[in-house]
Amino acid sequence: MKFLVFAMFDVAKAAEMAQANDKLANVPGRKVLSTYSCMGLAFPGVPPNTLMTISVVEYETSEAMAAVLYPLEVAGATVWAVPVLEMPVAGHAATEKKYRN
């Protein structure tokens, strides 16, 4: 299943986050499709000097997801994952109706 994974952390923790990410690069059951870094204030109320990464990740199991997200949280990140529902560009209404019923 695909997820949007948001990770926010203080810029002072950037080295720890980089080390944690390097260790997690080859976790089985995870495929990183894309990653973006936001170096501005991503949301209102976010403290200054907060970095945010947004990744599109495919996890095969919840265990694979936990094997990645938990070490990031221990390293100091606030992490949350939002499931992504893929819908074809054409036939959007039919897909929505299918999931609504």
Side-chain angles (χ1 to χ4, degrees):
M1 185 171 192
K2 289 184 184 171
F3 290 86
L4 281 177
V5 179
F6 299 87
M8 293 175 58
F9 53 93
D10 190 283
V11 72
K13 297 243 179 215
E16 289 97 345
M17 298 309 297
Q19 287 177 344
N21 275 316
D22 288 347
K23 291 178 186 176
L24 301 169
N26 296 318
V27 171
R30 175 181 90 147
K31 181 179 178 183
V32 179
L33 303 175
S34 61
T35 299
Y36 308 93
S37 293
C38 178
M39 296 188 184
L41 297 176
F43 300 107
V46 173
N49 299 320
T50 299
L51 296 177
M52 176 179 220
T53 61
I54 303 166
S55 301
V56 180
V57 184
E58 191 168 353
Y59 291 104
E60 292 178 10
T61 65
S62 58
E63 289 82 8
M65 187 173 172
V68 173
L69 300 187
Y70 181 72
L72 293 177
E73 291 169 350
V74 170
T78 299
V79 181
W80 67 100
V82 180
V84 175
L85 175 62
E86 289 187 76
M87 299 176 79
V89 174
H92 208 165
T95 304
E96 181 183 355
K97 183 178 179 182
K98 174 183 156 187
Y99 286 113
R100 197 175 338 134
N101 295 328

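Starting from 1, each residue takes its place in the sequence as its number. Below, each value reflects all heavy atoms present in this structure, side chains not excepted, and no hydrogens, waters or symmetry copies.
Remark: Met17 CE to Asp10 CG distance equals 11.0 Å, nearest 0.5 Å. Between atom NZ of residue Lys13 and atom CE of residue Met8 there is a gap of 14.5 Å, rounded to the nearest 0.5 Å.
Within a 6.0 Å radius of CD in Glu60, no more than 12 heavy atoms belonging to other residues, nucleotides or ligands are found. Within 6.0 Å of the CG atom in Asp22, the count of heavy atoms belonging to other residues, nucleotides or ligands exceeds 12.
Val79 and Tyr70 fall into different hydrophobic clusters, where Ile, Leu, Val, Met, Phe, Trp and Tyr residues are linked whenever their side-chain heavy atoms come under 4.5 Å apart, directly or through other members.
With Val84 as the partner, the side chain to side chain contact (heavy atoms under 4.5 Å, CB included) test is satisfied by one option alone out of Leu4, Val56, Val57, Leu33: Leu4.
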Are Val5 and Thr53 close enough, and set up right, to give a side-chain contact (heavy atoms from CB on, under 4.5 Å), and what steps lead you there? CA-CA 8 Å; Val5 179; Thr53 61; over 6 Å; no

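Arg30 places a side-chain N or O within donor-acceptor distance of the main-chain N or O of Leu24, the cut-off being under 3.5 Å.
Smallest separation of non-hydrogen atoms from Gly29 and Ala64: O-CB, 3.7 Å. Considering all non-hydrogen atoms of both residues, Ala66 and Pro71 come closest at O-CD, 3.7 Å. Scanning both residues, Ala75 and Glu16, for their nearest heavy atoms gives O-CB, 4.3 Å.
Contacts of Ser55 classified as side chain to side chain donor-acceptor pair (under 3.5 Å), with partners at least two apart in sequence or in another chain: Thr35.
No side-chain heavy atom of Phe3 sits under 4.5 Å from any side-chain heavy atom of Leu69.
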